[in-house]
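When reading the values below, keep in mind they use all heavy atoms of this one structure, side chains included, and skip hydrogens, waters and symmetry mates. Everything numeric in this text was worked out from a predicted model, so none of it was measured.
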Amino acid sequence: MKRKKIPPCCFRAGESFHLYSEEGLCKVTEIPRMEELVVGVPFRTLSLEPFSFPFTHRGRIRDALAMQYRHLLPHPETVDILPLILSRKGKQARGVAWIWNKEEGEIPERNFQSQKEESKILHWPLPLLFMPLPEKDPEYRALVCKEEKEASLLIFKDGFPFSYRYSRTVPSEEFLRRELGGDLRYGVVNPANPEESPEQFWHRWSTFWNAYPQLHEMNLSPGGVASLFAWDERLTPVLRMLGVLLGGGAFFTALLGYSLYQTGLRGDIYEEKMRQAYGSIFPKDRIRDPLSQARGKLRALETPGEKTGLDLEEILLFLGETWKDLPPGVLAETLRFTLNGAEVVGSAPEVSHVQKIKNAFPQSTLRASLEDIQQIPGSSSIRFTLYLEAQKQ
């Protein structure tokens, strides 16, 4: 199975965009069309707020946060909220929420309107594009992106986003040390004139992207937020089904990157397969069709009735058999599925559990491999990537 490429990233510097990719750095006035792109935006109204709730549904978390902060906002209807779930334990969810003004998010989105239908454009806070390589961190990491008349600051705590702020001046290292009261790694970069070479930038960006799969679907634009929550609503029955298959309901802290458009099957064929999968688990009189709103959106890429790749059903059955006897704490966090195979990113409390995953693979027509095994920044847990593809005949 061909591994997913690291997406290019870009940001505006003066009248041009600085575009970083595997080919190096290009300074352009118009971004060429590409499959996926991360855009760094120096948000002025953005803030980060921690949360902890006794439920894990992202839509309910957003609603609870909106109620919690409504009385603090003069115009709450103009604010967007995107929860980033960092951990789930039973029915408890913890994380941080990005909160910002919708109108500010619409400005960068308009810059890429012509690519919107054909490209996946993710809007991120600008400092995320310059965060240092994951390593044995101090308690806090602070990075300031300094431009001519503004500075945006992002603080990581224990390996994850903790605080964001915008100011007209660069906060000093001494000031932040007094404020945070803990070990701190501090850095300042000028995005238009970074000290690192394009090759160094791309190596650091690639490592950061691989280390933080929780951020892969984060999109701080009105369209991106609306699309993510729309998919959440359609995929709720799928999550329930996966909970039954894996005997604990702990599958997927976030179903990131699950793209139906990549299946290459006609909408009606794919829909029928999903009905059959649900029908084998739930009583027929209780089936809710999660794809009714998506009907007609899947493109016809192959001849109807022909099996041209993997079925989602056999992927789920393989994962269900693998996970049913694993020790508690081994989680599958993200799933990417195409006709050529699937990619599952997960975590385990310790290295010994990774070997147990290998031993749990069932006899199947699928070939499985575990790669990218590494320690999660700021934690003793291990992250791994499981690749699934059809056995070669």
Side chains of Tyr164 and Ser152 in contact at under 4.5 Å (non-hydrogen atoms): yes
Using modelled atom types and a 3.5 Å cut-off, is there a donor and acceptor pairing between side-chain atoms of Trp202 and backbone atoms of Leu25? no
Compute whether any side-chain donor of one residue and acceptor of the other, for Glu15 and Thr29, lie under 3.5 angstrom apart. no
Donor-acceptor contact present, side-chain Asn219 to main-chain Ile121, <3.5 Å: yes
Contact between Phe53 and Arg60 at the side-chain level, heavy atoms closer than 4.5 Å - yes or no? no
Check the hydrophobic clustering (I, L, V, M, F, W, Y; side-chain heavy atoms under 4.5 Å; chains of links allowed) and say if Leu37 and Met131 are grouped together. yes
Drop me the distance from Arg94's CZ to Ser52's OG, to the nearest 0.5 angstrom. 3.5 Å
Looking at Glu173 and Arg177, is there a salt bridge between them, counting it only when a charged N and a carboxylate O are closer than 4.0 Å? yes
4.5 Å side-chain heavy-atom contact, Ser163 and Leu180: no
Measure across Tyr186 and Pro171 and return the closest heavy-atom pair with its distance rounded to 0.1 Å. OH-O, 2.6 Å
Hey, does Phe51 have a side-chain heavy atom less than 4.5 Å from the side chain of Ile85? yes
For the residue pair Met34 and Leu19, what are the closest heavy atoms and their distance? CE-CD2, 4.0 Å
For the atom pair CD (Glu389) and OG (Ser369), what is the distance rounded to the nearest 0.5 Å? 6.5 Å
Considering the options Val144, Leu129, Leu126, Leu143, which one meets the side-chain contact (heavy atoms from CB on, under 4.5 Å) requirement together with Val189? Leu143
Evaluate the side-chain proximity of Tyr140 to Leu176: yes if any heavy-atom separation is below 4.5 Å, no if none is. no
Ring geometry between Tyr212 and Phe156 (parallel below 30°, tilted from 30 to 60°, perpendicular above 60°): perpendicular
So do Leu48 and Phe162 actually touch side chain to side chain, heavy atoms under 4.5 Å? no
Does the side chain of Thr334 come within less than 4.5 Å of Glu217's, by heavy atoms? no
Sidechain N-carboxylate O distance under 4.0 Å for Glu36, Arg336: no
Does one hydrophobic cluster hold both Trp124 and Tyr166, with members joined at side-chain heavy-atom distances below 4.5 Å? no
With no hydrogens and no angle check, is any side-chain donor or acceptor of Gln200 less than 3.5 Å from a backbone partner on Ser197? yes
Short question: side chain of Ser364, backbone of Phe318 - any donor-acceptor pair under 3.5 Å? no
To the nearest 0.5 Å, what is the distance between CG (Leu184) and CZ (Arg178)? 12.0 Å
Is the NZ or CZ atom of Arg204 positioned over Phe201's six-membered ring, under 6.0 angstrom from the centre and within 45° of the axis? yes
Check whether Trp98 reaches the backbone of Leu46 with its side chain - one donor and one acceptor, N or O, closer than 3.5 Å. no
Residue among Trp205, Phe11, Tyr20, Phe208 satisfying ring pair (Phe, Tyr, Trp, His ring centres under 6.0 Å) with Phe130: Phe11
So how far is it from Leu326 CG to Asn359 CG, rounded to the nearest 0.5 Å? 9.5 Å
Over all atoms of both residues, closest heavy-atom pair of Ile357 and Thr322: O-CG2, 4.1 Å
Tightest non-hydrogen contact, residues Glu350 and Ile382, listed as C-CG1, 3.9 Å
Euclidean distance, Lys5 NZ relative to Glu35 CD, rounded to 0.5 Å: 8.5 Å
Using a 4.5 Å cut-off on heavy atoms from C-beta on, say whether the side chain of Phe55 contacts that of Lys91. no
same_hphob_cluster(Val354, Val330) at 4.5 Å side-chain heavy-atom cutoff: yes
With hydrophobic residues grouped by side-chain heavy-atom distances under 4.5 Å, do Leu386 and Val345 end up in a single group? no
State the CG-CH2 distance between Leu215 and Trp209, to the nearest 0.5 angstrom. 8.0 Å
Whether Arg141 side chain and Gly159 backbone form a donor-acceptor pair below 3.5 Å: no
Decide side-chain contact (heavy atoms from CB on, under 4.5 Å) for Glu343 and Thr385; before the verdict, give the C-alpha distance in whole Å, the side-chain angles of both, and the deciding distance to 0.1 Å. CA-CA 7 Å; Glu343 171 189 310; Thr385 302; 3.7 Å; yes
What pair of heavy atoms forms the shortest contact from Gly329 to Pro349, and how long is it? O-CD, 3.5 Å
Taking the side chain from His18 and the backbone from Cys9, do they hold a donor-acceptor pair closer than 3.5 Å? no
Are Glu333 and Arg88 ion-paired here, with the side-chain N under 4.0 Å from a carboxylate O? no
